Asks: 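Input: one structure, supplied below.
This is a predicted model, so every value here is computed, not measured. Order of the sequence lines sets the chain letters (A, B, ...), proteins ahead of strands, with each chain counted from 1.
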2 protein chains.
Amino acid sequence: MQDDAQLDAIFSALAHPTRRDILARLAKGPATVNELAAPYDISLPAISKHVRVLQNAGFIAKGRNAQFRPCTLDASAIARVADWTAAYSHIWDARFDAMDHVLKNLKGDPE
Amino acid sequence: MQDDAQLDAIFSALAHPTRRDILARLAKGPATVNELAAPYDISLPAISKHVRVLQNAGFIAKGRNAQFRPCTLDASAIARVADWTAAYSHIWDARFDAMDHVLKNLKGDPE
DNA sequence: ACATTAATTAACACTTTTATTAATTAACGA
DNA sequence: TCGTTAATTAATAAAAGTGTTAATTAATGT
């Protein structure tokens, strides 16, 4: 997927409270689609679609265990969001410069 | 605006390449709506709506100067995105722990 | 005053998103 | 085998998003 198109998918996926909620749930550990659906008043197919959207955006990896589909959080898509914000960090937070400096050192890339 | 609703607005706003592009443009400095529209093939009203979406999400402050509407980037909404990712940082990047530690020190909140 | 420029509003068309219920697929287990 | 459970697919409806052109508002400057 192209960079722009993937950011479209990523941000669209995050633009729904239920989907952000599902990510928060998965941050605590894997869950099946039914488990993910449990807290909500909406139908299972609706949740199934939300999961699909998150999967297409790269937030979720879906496994197979018998008739279950255990979902796990794939952190890389979230990291891409963080990367996107980093391009603006110099504007919103002067501390970023210090952070950036520290990160370079942690990476073994001292200036 | 409620927290959830504002994140909806923020992420929806970012879910369109033209709008992300406009933010990138404004990161370089203020611009009027016409200036923002210049690079694109779409109509001025379409850009005007994109700007409105960004404004409603809190990304843009729109001033008044005669018949011009100089737009400036409001970094706080971008910071909110960064904050959102921070809740997941412990998953996607072990370095965050070190970063977090450093940030606390920078804030004058040593452990 | 009047034409020009900047921008928004209005009315409309088209597509996508989000949800529903019913039907289907697939694997389990008694 | 046959009923149960997990999940998806299909058909559909309502709402939101994205774009268009034409009309309108508001301020400029000669």
Side-chain angles (χ1 to χ4, degrees), chain A residues 1-2 4-23 25-26 29-73 77, chain B residues 1-2 4-23 25-26 29-73 77:
Chain A
M1 184 149 37
Q2 202 157 359
D4 229 41
Q6 200 189 348
L7 282 179
D8 286 0
I10 283 175
F11 285 122
S12 306
L14 294 178
H16 197 289
T18 302
R19 288 194 292 260
R20 290 195 304 276
D21 217 41
I22 287 173
L23 292 186
R25 163 65 189 82
L26 288 177
T32 66
V33 176
N34 266 290
E35 286 168 348
L36 290 174
Y40 308 104
D41 267 349
I42 63 179
S43 67
L44 188 62
I47 295 294
S48 188
K49 284 171 196 170
H50 281 308
V51 169
R52 165 76 51 97
V53 169
L54 288 167
Q55 187 182 8
N56 288 340
F59 284 105
I60 281 182
K62 215 185 314 187
R64 305 191 63 142
N65 179 13
Q67 70 266 58
F68 302 90
R69 297 289 176 274
C71 302
T72 54
L73 192 60
Chain B
M1 185 149 36
Q2 203 158 355
D4 229 39
Q6 199 188 349
L7 282 178
D8 286 0
I10 284 175
F11 286 123
S12 307
L14 295 179
H16 197 291
T18 302
R19 288 195 291 260
R20 291 197 302 275
D21 216 42
I22 288 173
L23 292 186
R25 162 65 189 80
L26 288 177
T32 66
V33 176
N34 267 289
E35 285 167 349
L36 290 174
Y40 308 104
D41 267 348
I42 63 179
S43 67
L44 188 63
I47 294 293
S48 188
K49 285 172 194 173
H50 282 308
V51 169
R52 165 75 53 96
V53 169
L54 288 166
Q55 187 182 8
N56 288 340
F59 284 105
I60 282 183
K62 214 183 315 184
R64 305 190 63 141
N65 179 13
Q67 69 265 59
F68 302 90
R69 297 290 176 273
C71 302
T72 54
L73 192 60

Asks: Rounded to whole angstrom units, what separation is found between the CG atom of A:Asp8 and the C1' atom of D:dG17?
Replies: 13 Å
Asks: Within the structure shown, what part of the strands sits under 4.0 Å from B:Thr32 by heavy-atom distance: base, sugar-phosphate, or nothing?
Replies: sugar-phosphate
Asks: Just how far, in rounded Å, is C1' of D:dT5 from CG of A:Asn34?
Replies: 8 Å
Asks: Got a donor-acceptor contact below 3.5 angstrom from the B:Arg19 side chain to the B:Ala13 backbone?
Replies: yes
Asks: Nearest 0.5 angstrom please: A:Ile22 CD1 to A:His50 NE2, how far?
Replies: 6.5 Å
Asks: Would you say B:His16 reaches C:dT16's phosphate, i.e. side-chain N/O to OP1/OP2 under 4.0 Å?
Replies: no
Asks: Nearest-nucleotide wise, let me know which of B:Pro70 and A:Val53 is further upstream toward the 5' end of DNA chain C.
Replies: B:Pro70
Asks: Is B:Ser43 close enough to D:dT20 that one of its side-chain N or O atoms is under 4.0 Å from OP1 or OP2 there?
Replies: yes
Asks: Please check this pair: side chain of B:Ser48 against backbone of B:Leu44, looking for a donor-acceptor N/O pair closer than 3.5 Å.
Replies: no
Asks: Output the rounded distance in Å from CD1 (A:Ile47) to P (C:dA19).
Replies: 8 Å
Asks: Grab the two heavy atoms, one from B:Ala15 and one from A:Asp8, that are nearest each other, plus how far apart they are.
Replies: O-OD1, 4.0 Å
Asks: With sequence neighbours excluded, what pairs up with A:Asp21 under the salt bridge (charged side-chain N to carboxylate O under 4.0 Å, His left out) test?
Replies: none
Asks: Grab the N/O contacts between the protein and nucleotides 22-28 of chain D below 3.5 Å, and write none if there aren't any.
Replies:
residue, atom, partner, partner atom, Å
D:dT28, O4', B:Gln67, NE2, 3.4

Asks: Rounding to an integer number of Å, can you tell me how far B:Tyr40 OH sits from D:dG19 P?
Replies: 11 Å
Asks: What is the distance from NZ of B:Lys62 to C1' of C:dA6, rounded to the nearest Å?
Replies: 12 Å
Asks: If every non-hydrogen atom of A:Lys62 is compared with every non-hydrogen atom of A:Cys71, which pair is closest and at what distance?
Replies: CG-SG, 3.7 Å
Asks: Rounding to a whole Å, what distance do you find between B:Leu44:CG and C:dT9:C1'?
Replies: 12 Å
Asks: Mind listing the closest non-hydrogen atom pair of A:Leu26 and A:Ala31 along with its distance?
Replies: CD2-N, 3.7 Å
Asks: With no angle test and no hydrogens, is the base of D:dG19 tied to the side chain of B:Lys49 by a donor-acceptor pair under 3.5 Å?
Replies: yes
Asks: Tell me: CD1 of A:Ile42 to P of C:dT18, nearest whole Å?
Replies: 10 Å
Asks: Give a yes/no on whether any side-chain N or O of A:His50 is located under 4.0 angstrom from OP1 or OP2 of C:dT17.
Replies: no
Asks: From CZ of B:Arg52 over to P of C:dA10, roughly how many Å is that when rounded to an integer?
Replies: 10 Å
